[in-house]
There are 2 protein chains.
Amino acid sequence: MNSPRRTTIYDVAREAGVAASTVSRALNNPRRVNPVTRDHVVAVAERLGYRPDPLATALQSGHKATIAMLVPDITNPHFFGTIRGAEKRASEAGLTFILANTEESADNERNQIERLSRSVDGFVLAASRLREDTTRELAREYNLALVNRQVEGLPGAVVDNGSGSRQIIEHLASLGHRSVVYLSGPHRSWTASQRWRALRAAAERHGMTARRLGPFPPKVDGGGAAADAALAAEATALVAHNDLLAIGVLRRLTERGIPVPGRVSVVGYDDIFGADLCVPALTTVAGPQEEAGRAAVELLIRKGSLSRSQPAPQQVVLPSHLVIRDSTGPAV
Amino acid sequence: MNSPRRTTIYDVAREAGVAASTVSRALNNPRRVNPVTRDHVVAVAERLGYRPDPLATALQSGHKATIAMLVPDITNPHFFGTIRGAEKRASEAGLTFILANTEESADNERNQIERLSRSVDGFVLAASRLREDTTRELAREYNLALVNRQVEGLPGAVVDNGSGSRQIIEHLASLGHRSVVYLSGPHRSWTASQRWRALRAAAERHGMTARRLGPFPPKVDGGGAAADAALAAEATALVAHNDLLAIGVLRRLTERGIPVPGRVSVVGYDDIFGADLCVPALTTVAGPQEEAGRAAVELLIRKGSLSRSQPAPQQVVLPSHLVIRDSTGPAV
DNA sequence: CAACATTTGGCAATCGCTTGCCATTCAATC
DNA sequence: GATTGAATGGCAAGCGATTGCCAAATGTTG
């Protein structure tokens with residue numbers, strides 16, 4: 001079950017007839033050792049199948065070659081793109097990638113950070129549920145990069161829902177809708193408030209009224225209550241906090257025999273897998289989530305290396321856009 | 001950016017007026033130290049906010065409290081359930097969870113195992129692409145648990161596609177279908193051959209003819225070629241290797257104006273998110289994927305602890321079942 | 001009360017690697 | 001040919017824990 005014993009740097013040293021320190025240097029700091037010796041050591045290491053122990057290395061040097069990504073809900077398809085992008089970039093950089101679920105809880109998130117802090121070089125926080133000040137405080141102690149959450153002074157990548165939200169309103173306005181209802185996600189969610197803000201502002205510019213209902217759990221299950229609330233509010237255009245919720249809304253609407261987009265129009269966010277599968281196919285805001293995940297890891301990597309010379313931490317903003325499908329139509 | 005210095009076991013020792021070894025024991029092996037001393041030490045540790053460094057612990061004790069899960073394709077929704085189940089169980093057990101993508105490549109999978117081996121206590125291999133003998137060989141050196149792949153003598157959890165496959169055939173037979181076509185996934189895939197075997201055997205029992213086409217890439221994109229091939233083979237019942245492929249087939253069929261289930265019936269496997277969203281809603285085999293992920297981690301944990309006394313490594317088989325939706329109907 | 005067993009705490013080695021510092025060698029310079 | 005300095009390799013001290021072994025203290029028993 002367990003290997004007898006792995007070859008260590010000492011085995012290589014003995015075999016090569018040099019000191020362990022020389023082996024270490026030959027491998028990590030090649031210019032510090034004579035080319036001839038180096039080649040010899042490298043050859044021996046190769047022959048013995050030597051692999052440095054990441055733990056021992058980390059313990060001594062502090063460089064763990066590992067990052068962790070914290071996600072509120074692993075299950076949520078919304079995060080898949082982001083996770084994938086982050087994993088890819090990490091793997092390209094030779095970093096080990098730890099994934100952890102925070103169960104939508106700020107406390108849990110904080111605990112995970114604390115727990116993993118010794119094991120990783122930094123964290124990617126996706127749609128963090130932490131309060132701004134907490135985040136900033138943690139950032140003083142740990143290496144953080146945010147995804148889809150902006151905190152001034154902290155590096156991160158966001159998909160800008162502003163552009164998408166504006167496009168939603170323009171689209172709805174051009175279809176003759178006079179008012180929209182935003183079916184909100186968790187109030188603590190930065191994304192939710194950002195979407196709502198952009199929506200409201202754009203609506204105002206177009207002389208539309210905008211109302212916010214909720215919060216609703218951002219899952220398919222939440223759709224029932226959301227749809228009913230929206231109907232009670234006599235809205236003609238429903239913008240759901242995300243596709244999951246939108247799909248739930250669609251279901252409920254179908255159940256209640258309300259034609260979509262005949263009587264009401266429904267829009268979602270995220271363009272998750274399945275958004276184009278449902279009936280009617282969902283009009284939704286798509287964004288480069290994978291790119292965002294990748295960018296966040298990128299920032300984390302850069303931050304670590306340049307440290308001193310680095311000016312202000314960078315924020316990457318990626319535009320989103322509306323994908324028009326069949327769930328939106330002319331206002332009645 | 002980086003903390004000044006974390007409190008170590010020595011800090012606690014000094015503050016508590018005992019030796020470091022006593023602190024270590026007070027924390028990990030409480031009965032080894034006098035209750036009074038222990039309480040005092042624990043209190044001091046608490047007060048100083050002491051957290052053991054997992055790396056130092058691992059280096060010394062060999063216990064890493066970390067497992068890694070290797071997945072052929074992080075993107076594939078099929079794995080989400082498994083990943084989630086594994087992550088949950090790991091987190092419950094206080095284990096750090098490393099997720100890595102193997103990009104459908106056996107070599108890559110092997111490399112990842114090698115690379116991570118020093119950092120983890122064991123691996124969960126989901127739908128491993130490794131050859132049987134390679135797997136067994138690796139299992140001698142590393143702690144492995146398999147998901148949705150069976151290798152004799154190795155612990156693992158599989159969703160039994162046998163039961164689901166039989167139900168497919170029964171369902172199709174009762175609808176009057178006389179022949180089925182299996183649109184196969186990757187030939188190296190254990191799942192694919194398992195499904196095909198069960199399908200063929202069941203078909204035989206029902207006096208139906210079964211043919212296998214493919215392999216096709218098990219993605220939505222693969223559906224075009226798969227559908228066309230099936231049509232060319234004049235089949236009335238198509239069983240796709242998974243839902244992704246099935247959805248792709250559905251699309252292609254719609255494109256070509258072939259009514260489903262009017263002219264052909266389509267069945268998938270996995271019951272992924274979205275399977276009930278597409279039109280027609282997909283008849284598919286659902287299995288407790290999340291449970292499988294959880295079980296695999298469970299086996300890994302047990303294996304580690306009982307080691308000696310353990311009899312044969314355990315294999316968990318979880319039954320699947322057919323979920324009948326709208327993509328299957330009477331044979332023409 | 002002596003003799004022995006059990007508790008309890010400390011010392012020091014160890015896990016595998018990195019790195020500051022020193023000693024040696026050898027080439028370059030005056 | 002003496003002096004200086006760069007290049008090179010080794011020694012040994014950590015990094016932060018765990019743990020075998022020993023010694024002192026305490027308890028138990030006849």
Side-chain angles (χ1 to χ4, degrees), chain A residues 2-42 44-45 48-66 114-121, chain B residues 2-42 44-45 48-66 96 115-121:
Chain A
N2 291 325
S3 41
R5 207 177 63 79
R6 318 293 293 273
T7 48
T8 75
I9 207 169
Y10 291 103
D11 299 327
V12 178
R14 188 172 348 98
E15 185 75 12
V18 299
S21 47
T22 304
V23 177
S24 173
R25 290 197 189 100
L27 266 25
N28 307 314
N29 201 355
R31 34 195 321 158
R32 182 64 178 70
V33 27
N34 186 300
V36 179
T37 326
R38 186 209 315 148
D39 289 350
H40 177 224
V41 169
V42 170
V44 172
L48 265 46
Y50 167 74
R51 301 238 164 270
D53 182 332
L55 282 86
T57 307
L59 179 58
Q60 160 60 33
S61 71
H63 181 226
K64 332 241 179 18
T66 302
E114 225 105 78
R115 190 176 72 81
L116 292 170
S117 62
R118 308 287 268 260
S119 315
V120 306
D121 296 315
Chain B
N2 291 327
S3 41
R5 207 177 62 81
R6 318 292 293 271
T7 49
T8 76
I9 206 170
Y10 293 103
D11 300 327
V12 178
R14 187 171 350 98
E15 184 76 12
V18 299
S21 47
T22 304
V23 177
S24 175
R25 289 196 189 101
L27 266 26
N28 308 315
N29 201 353
R31 33 196 320 160
R32 181 65 178 67
V33 29
N34 184 301
V36 179
T37 326
R38 185 208 316 146
D39 289 350
H40 177 222
V41 169
V42 169
V44 171
L48 264 46
Y50 168 74
R51 302 239 162 270
D53 182 332
L55 285 94
T57 306
L59 179 59
Q60 159 61 30
S61 71
H63 181 226
K64 330 242 181 15
T66 302
T96 295
R115 191 176 72 81
L116 292 171
S117 62
R118 306 288 268 261
S119 315
V120 307
D121 296 313

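Quick note on labels: first sequence line is chain A, next is B, and so on, each numbered from 1.
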Per the end-axis method with five pairs at each terminus, what is the bend angle of the helix from C:dC1-D:dG30 to C:dC30-D:dG1, to 10°?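 Computed from the C1' atoms at both ends, the axes differ by 40°.
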Mapping B:R31 and B:R118 to their closest nucleotides on DNA chain C, which lands nearer the 5' end?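 Nearest nucleotide further toward 5': that of B:R31.
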Set of side-chain hydrogen bond (donor to acceptor under 3.5 Å, both in side chains) partners for B:T66, sequence neighbours left out: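 Here no residue qualifies.
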Which residues pass the side-chain hydrogen bond (donor to acceptor under 3.5 Å, both in side chains) test with A:T22, sequence neighbours left out?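 In terms of side-chain hydrogen bond (donor to acceptor under 3.5 Å, both in side chains), with neighbours along the sequence ignored, A:T22 is linked to no residue.
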List the atom of [X], the atom of [Y], and the distance in Å for their closest heavy-atom pair.
X	Y	answer
B:A26	B:V41	CB-CG1, 3.7 Å
B:V44	B:A16	CG2-CB, 3.9 Å
B:I9	B:V23	CG1-CG1, 3.4 Å

Do B:K64 and B:V120 come within less than 4.5 Å of each other through their side chains, counting heavy atoms only?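 They are not in contact (no side-chain heavy atoms under 4.5 Å apart), so the answer is no.
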Name the nucleic acid region contacted by A:N28, choosing base, sugar-phosphate or nothing; use a 4.0 angstrom heavy-atom cut-off, strictly under.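 Touches sugar-phosphate only.
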Reading DNA chain D 5' to 3', which nucleotide is the first, and which the last, to come under 4.0 Å of any heavy atom in chain B?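 Contact boundaries, 5' end first: D:dG16 to D:dC21.
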Gap between atoms [atom1] and [atom2], on [X] and [N] respectively (whole Å):
X	N	atom1	atom2	answer
B:I9	C:dC11	CD1	P	14 Å
B:H40	C:dG9	NE2	C1'	15 Å
A:Q60	C:dT18	CD	C1'	4 Å
B:L55	C:dC17	CG	C1'	12 Å
A:D11	C:dC15	CG	P	11 Å
B:N29	C:dG9	CG	P	12 Å

Under the side-chain contact (heavy atoms from CB on, under 4.5 Å) test, residues paired with [X] that sit two or more places apart:
X	value
A:V42	A:L27, A:R38
B:R25	B:S21, B:R32, B:V33
B:N28	B:S24
B:D39	none

Could you list all N or O pairs between the protein and nucleotides 22-24 of chain C that sit under 3.5 Å apart?
none

Contact list please: residues 19-27 of chain A against DNA chain D, heavy atoms, distance less than 4.0 Å, in numerical order.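 Those residues whose heavy atoms fall under 4.0 Å from DNA chain D, taken from residues 19-27 of chain A in numerical order, are A:A19, A:S21, A:T22, A:R25.
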Below 4.0 Å: OP1/OP2 of C:dT8 and any side-chain N or O of B:N34: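 It does, given that an N or O in the side chain of B:N34 lies less than 4.0 Å from OP1 or OP2 of C:dT8.
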Phosphate OP1/OP2 of C:dT18: any A:Y10 side-chain N/O under 4.0 Å: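 False: A:Y10 side-chain N/O out of range (4.0 Å or more) of C:dT18 OP1/OP2.
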Pairing residues for B:R14 by the salt bridge (charged side-chain N to carboxylate O under 4.0 Å, His left out) criterion, not counting sequence neighbours: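 Partners of B:R14 by the salt bridge (charged side-chain N to carboxylate O under 4.0 Å, His left out) criterion, ordered by chain and then number, come out as B:D11.
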Enumerate donor-acceptor pairs with a distance under 3.5 Å from any side-chain N or O in residues 50-62 of chain A to protein atoms, sequence neighbours excluded.
unit_1 : atom_1 : unit_2 : atom_2 : d
A:D53  : OD1    : A:L55  : N      : 2.7
A:D53  : OD1    : A:A56  : N      : 3.4
A:T57  : OG1    : A:D53  : O      : 2.9
A:S61  : OG     : A:T57  : O      : 2.8
A:S61  : OG     : A:H63  : N      : 3.1

